[in-house]
Chemist: 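Structure below; questions to follow.
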Amino acid sequence: MAVVILSVATVCSSRADEFTDLCTRVEKLNIRRNDYTLGKVLSNKQKQTARRNAQEKAAPGTYKFKDNDLYVVADKATDRVVILYERYEPASKQKIRELVGTLFLDFGDPTVMAHDKIIYWAFDEKGKISEEQYRGVKATRKPLKTLATVKLDSSREITQDSDSVEDGSVYYIVSSEPILKLINSR
């Protein structure tokens, strides 16, 4: 019985170490929105904000809160930020442009645009992956090894200057697929 308990403790400990190491690597990328950094432990002030503004429907092992327009999802065990996102629905053409502009200022040129409605910034251990790097990896048909991504998705075309006055919707999400996979495997 003692051997089984020790084995389980060792597995849990190694997973915790793997999670902490991965979050630390993501944190070094300094992918941030407002005062929150992906992979970083929440400050005491941010934890107070989390308690005051808790949201329902967080995934198992996480908790979610809202700070102004920004939603933050953190790991329950470590208080590390695992997802950041904003969603605007309805969103005017102006609001969509403002959000796109802000993300371009924060993250530079995107790694890739798709269908004129989706923009991705992808990051590996060294930082943001350029469009040239992305296309080079895709040409080899190898999987792109990302540590984190920023994805913006708009219901309206982003670059076209449409005369439409209809509102659309837009959201962006900052996350790390490797971190989320570790959380889901617990």
Side-chain angles (χ1 to χ4, degrees), residues 26-27 29-40 42-43 45-76 79-123 127-131 134-135 138 144 146-181 183-184:
V26 169
E27 180 183 351
L29 294 171
N30 200 31
I31 303 170
R32 46 187 308 125
R33 296 296 303 139
N34 303 343
D35 293 331
Y36 299 91
T37 303
L38 188 64
K40 187 173 183 177
L42 295 171
S43 69
K45 182 180 176 189
Q46 290 169 332
K47 289 177 196 175
Q48 289 173 357
T49 300
R51 283 189 289 276
R52 284 193 312 269
N53 300 294
Q55 300 285 303
E56 293 181 14
K57 296 184 183 177
T62 68
Y63 60 96
K64 179 169 63 169
F65 65 97
K66 192 172 181 185
D67 189 345
N68 295 313
D69 290 331
L70 182 68
Y71 289 90
V72 180
V73 179
D75 177 60
K76 277 185 184 175
D79 293 316
R80 286 186 179 267
V81 175
V82 296
I83 296 174
L84 299 165
Y85 71 95
E86 289 181 56
R87 175 184 282 306
Y88 298 96
E89 195 171 346
S92 67
K93 178 169 58 173
Q94 181 63 29
K95 181 62 182 177
I96 294 170
R97 283 188 177 163
E98 284 174 15
L99 189 56
V100 169
T102 298
L103 294 177
F104 266 78
L105 284 173
D106 288 352
F107 303 115
D109 289 335
T111 302
V112 69
M113 283 185 74
H115 315 294
D116 205 26
K117 293 182 178 185
I118 301 172
I119 303 173
Y120 287 99
W121 290 265
F123 300 82
K128 188 178 64 142
I129 299 168
S130 71
E131 183 177 1
Y134 171 81
R135 300 233 182 266
K138 283 294 185 187
L144 188 64
T146 59
L147 199 52
T149 57
V150 177
K151 175 189 174 187
L152 177 129
D153 192 335
S154 172
S155 65
R156 300 172 58 115
E157 291 185 352
I158 296 166
T159 58
Q160 284 196 334
D161 197 16
S162 159
D163 290 333
S164 172
V165 293
E166 267 185 49
D167 285 345
S169 64
V170 66
Y171 75 90
Y172 72 85
I173 184 166
V174 179
S175 63
S176 167
E177 188 175 335
I179 288 175
L180 297 176
K181 281 183 178 177
I183 289 173
N184 287 333

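Numbering starts at 1 and runs along the sequence shown.
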Chemist: Within a 6.0 Å radius of atom CD on Glu177, are there more than 12 heavy atoms belonging to other residues, nucleotides or ligands?
Modeler: no

Chemist: Search all heavy atoms of Arg32 against all heavy atoms of Phe107 and return the closest pair with its distance.
Modeler: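 Between these two residues, the closest heavy atoms are O-CZ, 3.9 Å.
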
Chemist: Ignoring hydrogens, what is the shortest heavy-atom contact between Pro60 and Ile183? Give both atom names and the distance.
Modeler: O-CG2, 4.0 Å

Chemist: Pair Arg33, Leu38 - check side chain to side chain contact (heavy atoms under 4.5 Å, CB included), show working.
Modeler: CA-CA 8 Å; Arg33 296 296 303 139; Leu38 188 64; over 6 Å; no

Chemist: Write down the atom of Lys64, the atom of Ala58, and the distance for their closest heavy-atom approach.
Modeler: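 Minimum heavy-atom separation between Lys64 and Ala58: N-CB, 3.8 Å.
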
Chemist: Taking all non-hydrogen atoms of both residues into account, name the closest pair between Ile31 and Ala148 and its distance.
Modeler: CD1-CB, 3.6 Å

Chemist: Where do Lys66 and Thr49 come nearest, in terms of heavy atoms and distance?
Modeler: O-CG2, 4.3 Å

Chemist: Apply the side chain to side chain contact (heavy atoms under 4.5 Å, CB included) test between Leu152 and each candidate in Leu99, Ile118, Thr102; give the one that qualifies.
Modeler: Leu99

Chemist: Side chains of Lys128 and Asp109: closer than 4.5 Å at any heavy-atom pair?
Modeler: yes

Chemist: Would you say that more than 12 heavy atoms from the other residues, nucleotides or ligands in this model lie under 6.0 Å from the NZ of Lys138, or not?
Modeler: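 For Lys138, atom NZ is not crowded (no more than 12 foreign heavy atoms under 6.0 Å).
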
Chemist: Please name the residue in the list Glu86, Arg87, Lys151 that meets the side chain to side chain donor-acceptor pair (under 3.5 Å) test with Tyr172.
Modeler: Glu86

Chemist: Rounded to the nearest 0.5 Å, how far apart are OG1 of Thr37 and CD of Gln46?
Modeler: 8.0 Å

Chemist: Mind checking the NE2-CD spacing from His115 to Glu157? Nearest 0.5 Å is all I need.
Modeler: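 If I round to the nearest 0.5 Å, the distance is 11.5 Å.
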
Chemist: Going by heavy atoms in the side chains, are Asp67 and Asn53 under 4.5 Å from each other?
Modeler: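 No, too far: nothing below the 4.5 Å cut-off.
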
Chemist: Would you call the rings of Tyr85 and Tyr71 parallel, tilted or perpendicular, taking 30° and 60° as the class edges?
Modeler: parallel

Chemist: For the CE atom of Met113 and the CD1 atom of Ile158, what is their distance to the nearest 0.5 Å?
Modeler: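 Here the interatomic distance stands at 5.0 Å.
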
Chemist: Before giving the answer on side chain to side chain contact (heavy atoms under 4.5 Å, CB included), spell out for Asn68 and Asn34 the whole-Å C-alpha distance, their side-chain angles and the decisive distance to 0.1 Å.
Modeler: CA-CA 10 Å; Asn68 295 313; Asn34 303 343; 5.7 Å; no

Chemist: Report the distance from atom OH of Tyr134 to atom CD of Glu131, rounding to the nearest 0.5 Å.
Modeler: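 Tyr134 OH to Glu131 CD: 9.5 Å, rounded to 0.5 Å.
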
Chemist: Measure across Pro110 and Phe104 and return the closest heavy-atom pair with its distance rounded to 0.1 Å.
Modeler: CD-CE2, 3.3 Å

Chemist: Roughly how far apart are Tyr120 OH and Thr111 OG1, rounded to 0.5 Å?
Modeler: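 If I round to the nearest 0.5 Å, the distance is 11.0 Å.
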
Chemist: When rounded to the nearest 0.5 angstrom, what distance separates OG1 in Thr149 from CH2 in Trp121?
Modeler: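 Interatomic distance, Thr149 OG1 to Trp121 CH2, rounded to 0.5 Å: 11.0 Å.
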
Chemist: Please examine the side chains of Val174 and Val81, heavy atoms only from C-beta on, and report whether any two atoms are closer than 4.5 Å.
Modeler: no

